[in-house]
Asker: 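I'd like to ask you about the structure that follows.
Just the heavy atoms: all of them, side chains too, but no hydrogens, waters or symmetry mates, feed the values below. Chain naming here is simple, since letters A, B, ... match the order of the sequence lines and numbering starts at 1 in each. The shown structure was predicted, so the numbers you read here are calculated from the model rather than taken from an experiment.
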Amino acid sequence: MGLTEDYSERGPDTRSGQAIAYLQENYRTYALIAPVALFLLAVVGYPILQTFRLSLYEAPASSSIKTFVGLQNYAQIFTSDIFYQLLWQTGRWIVVAVALKTILGLLIALHLKGNIKGRKFFRTAFLIPWGIPYAISAVVFRWIEHPQYGYLNSILLKLGLIHERIGILGSPDIAWLGVVVADVWIGMPFMAIIFLAGLQSIPEQLYEAAAVDGAEKWSQFRYITLPQLKDVLFIATLLSTIWTFVSFDVIWTMTGGGPVNTTATLVIWIYKTAFDQGNLGLGAAYSVIGFFILAVFAIIYLRVYTSGGEEL
Amino acid sequence: MPHDTDESSENSIDRRQLLGALGAGGLVTIAGCGGGGNNSDGTTSGDGDKETVQFLTMGVGDNIKSFFEENNTAFEEEYGVNLEFTSVTWGNAQSTVNNRVEGGKAPDVARWPARWIPQMVGKDALEPLDDLMQGDFLDRFPSGISDGVRYQDHYYGVPWAASNKCLYYNKDVFEKAGLDPENPSLDSWEDMLAAAKQIKTSDNVSTPALGLAGADAIETASQYYHYHWSYGADLVDDDNNPVVNTSEAADALDFYAGLSTEYGVTQSSPLSSTRQDIRQLFEAGEIGMVIGHVYTGLNIESAKEKDEADFNYGIVQVPKGPAGRYSLFTIDSVTVFSQTEVKDLAYDLIKFYFDEERRFQYSKQKGFLPVTKAVSERDYFTESGNWAPFVEASQYARARPKLKQFGQFNNRMVQAIQETLAGQKSAQAALDSAQADLEELMSE
């Protein structure tokens, strides 16, 4: 690239000249990403803009007539009790599910990193839940937790832990936990594999040096593993949070958001509002709110993450 | 079964949002029946100059597939046309129809639940069939059934099949509990509750006495409406205004929920049990009583033939309440779409399928109640232990109101049922809150 370097060193005289020079240098990169960028604009950007627009209309699904109502849909949402119930349930769902996936994934990764017999088998086996379609896993868990036919009730009865069958997914108090269990089972392998990759990139010499200095296992984990794994932890939990936030199939398949809406999250409610109730405008407004919640979370999260000067 | 298990949505969605995305998703072509003629306008054919008529139906299972194959071929030969026959799953049915209508690709003829008629009429998608539904053709249907396809003083369909419900009881369970299995006292809800209490307290029986649906599913309301109506409550008044929170309705819902919350005579966790769950429990001999369709008995008979079931059961009428006895009635209709360009051929197809013998074979093979007088009076139905109670139940059968927003209406009722079953609200409070929401819904 001698010519480019020569040109850069000489430097263009004007701002437009600089732009031309920059494009001359980078046009191949833009040409290569252009098809993907255009595709994303078409299939992601346009629907997002349409959703924003639709949220300002009263748009019954049963009619092709839309009426502009401004921010009325948003006012309706913010003054409704269900919205705050959904916020609480969505937050609870994300925090508990992501925390469990992270902790269990890390525990599994730490053990798979060790030199145990059958390590390859276990590494493969732990990926299986992630490879099964989510809806199928959800159906399996629904049956496991079924009050009449489910294994769980049979086992608990035989162990004498319960005296009569309980309907986990039918109880407004604990149904969400029944769904969380399925989601954790499905999402944990991804976390474990990501963490395992991160763990394997930590130089072994650090542990050897720490051992020579007399550091216990916990100290090694606290002062070597966790700091070295920080990047991976941040990215994995960010991705897991986003995926858990938008998770639909597990909840929908297991409970449909019930009983009495106690397992409904914002995403479930968007579907119910738009397609069950046929209120496309209100459903779009919920979608926009969800979009901003996720965007704000991601920005804050990344700001915190990059506050030390790191760059993704 | 005429479809009353249905989908969560009773609405179409905006053309630009869903057209093309959902429509083809669930299509399963059962029989091409002619080879050519795939033109979407249904008027021309790849097979010479033959006309093509498109017939869309739903839920064609193995038990009825050959019936359609044979008769579609016979129709093609008799009329010298192509018949493009398509079946979709129930889960995809409504979106398929809506998308085809919105996209200007409606089938010529479709068989579907009659309660979808108001919504389609609202889109001007259906052809009034008053010129077909008159005279001898109309007279073959009992008025209660033909009224099921009548909307705004027009017939928009021809009744295709019907279903209603009765109360099944497990004779073996009754006998073990000291109840008379041959002449059970199950005439009223109170009788049913008394029997259920006796089953519950019997040392010889561990089977739950009664199946109660309470899951977040549309069928939960279908099961509950028997109680609602029999207590003298209604869903809407004559002007289609919601009236779901009367004191009678509160009593009905209180009783329904109390079967679980107060008396504990149901299976565990009704809130997670769909109608299908409790039916399957009964069919497996694991519950004492359940309100079910005719096919529940047919399924048990089929299981017995394969040595997969070994218990005796009986069928009685749905118990009566303070204001009478009602059995939820569902009608499937066959309709002609206004986009059709082969209306005469569509009429020919309908008349062809309403040949009496074809109607008989269809009801017999599929397990649907016959919709014509001549077929329902046949010995096969009137003298069968499985069919006769359902034929009798037609006398007090009652259909859900025809509302454009019935899907949303029904979902809101399910929420009220769940709130009461979960103990979150009293029956009256749950229905008051539902009433307020429904008034808003119906005013839109």
Side-chain angles (χ1 to χ4, degrees), chain A residues 46-47 50-51 54 57-67 76 81-82 142-143 145-150 153 157 162-175 178 252 254-264 268 271-281 283-284, chain B residues 7-18 22 95 98 102 118-120 122-123 206 208 211 214-218 220 260 264 267-274 277-278 280-281 284 286-287 404-405 407-408 410-412 414-425 430 437 441 444:
Chain A
Y46 178 72
Q50 278 290 71
T51 304
L54 191 62
Y57 285 81
E58 184 185 333
S62 55
S63 166
S64 54
I65 300 170
K66 297 187 185 72
T67 311
Q76 185 180 336
D81 292 339
I82 188 70
R142 196 176 66 194
W143 277 99
E145 297 174 20
H146 194 281
Q148 276 79 43
Y149 303 118
N153 268 290
L157 277 172
I162 56 174
H163 300 296
E164 63 177 15
R165 293 178 176 275
I166 52 171
I168 296 168
L169 298 178
S171 165
D173 297 327
I174 58 170
W252 188 254
M254 290 186 74
T255 64
V260 211
N261 298 325
T262 51
T263 59
I268 295 289
Y271 182 87
K272 280 196 163 193
T273 304
F275 302 112
D276 269 8
Q277 298 168 19
N279 195 336
L280 298 178
Chain B
E7 314 58 39
S8 44
S9 170
E10 293 276 331
N11 298 292
S12 69
I13 65 170
D14 186 274
R15 182 185 311 183
R16 277 173 296 181
Q17 279 127 9
L18 275 192
L22 295 176
S95 59
N98 283 327
E102 297 275 0
Q119 187 200 345
M120 280 293 132
K123 293 171 184 275
S206 58
D216 191 1
I218 196 166
T220 290
S260 169
Q267 84 285 5
S268 58
S269 187
L271 276 167
S272 58
S273 300
T274 63
D277 288 331
I278 56 176
Q280 287 175 339
L281 279 174
E286 293 177 17
I287 214 157
K404 275 198 286 191
Q405 311 94 326
Q408 293 131 274
N410 207 55
N411 286 338
R412 188 60 189 83
V414 171
Q415 186 182 330
I417 295 165
Q418 286 209 310
E419 287 168 346
T420 313
L421 264 172
Q424 291 183 346
K425 290 180 180 173
D437 288 348
L441 170 73
E444 289 172 0

Asker: Taking only residues two or more places apart in sequence or in another chain, which ones pass salt bridge (Lys or Arg N to Asp or Glu O under 4.0 Å) with D277(B)?
Answerer: none

Asker: Against chain A, label L281(B) side chain, backbone, both or neither, depending on which of its atoms sit under 4.5 Å from a heavy atom there.
Answerer: both

Asker: Enter the distance from I168(A):CD1 to L271(B):CG here, rounded to the nearest 0.5 Å.
Answerer: 14.0 Å

Asker: Considering only heavy atoms, which portion of Q280(B) lies under 4.5 Å from any heavy atom of chain A: side chain, backbone, both, or neither?
Answerer: both

Asker: Locate the shortest heavy-atom distance separating G167(A) from S272(B); write the atom from each residue and the value.
Answerer: CA-OG, 4.3 Å

Asker: Which pair of heavy atoms, one from T255(A) and one from D216(B), lies closest together, and at what distance?
Answerer: O-CB, 4.2 Å

Asker: Looking at side-chain heavy atoms only, is the closest gap between S269(B) and R165(A) below 4.5 Å?
Answerer: no

Asker: Are the side chains of V260(A) and K425(B) in contact, using a 4.5 Å heavy-atom criterion?
Answerer: no

Asker: What distance do Q418(B) atom CD and T262(A) atom OG1 have between them, rounded to the nearest 0.5 Å?
Answerer: 8.0 Å

Asker: List in chain and number order the residues that pass salt bridge (Lys or Arg N to Asp or Glu O under 4.0 Å) with E145(A), two or more places apart in sequence or in another chain; answer none if no residue qualifies.
Answerer: none

Asker: Do E419(B) and N261(A) make a side-chain contact, defined as non-hydrogen atoms from C-beta onward lying under 4.5 Å apart?
Answerer: no

Asker: Regarding S268(B) and E164(A), is there a side-chain donor-to-acceptor distance under 3.5 Å anywhere?
Answerer: no

Asker: Is there a donor-acceptor pair closer than 3.5 Å between any side-chain N or O of Q267(B) and the backbone N or O of P147(A)?
Answerer: no

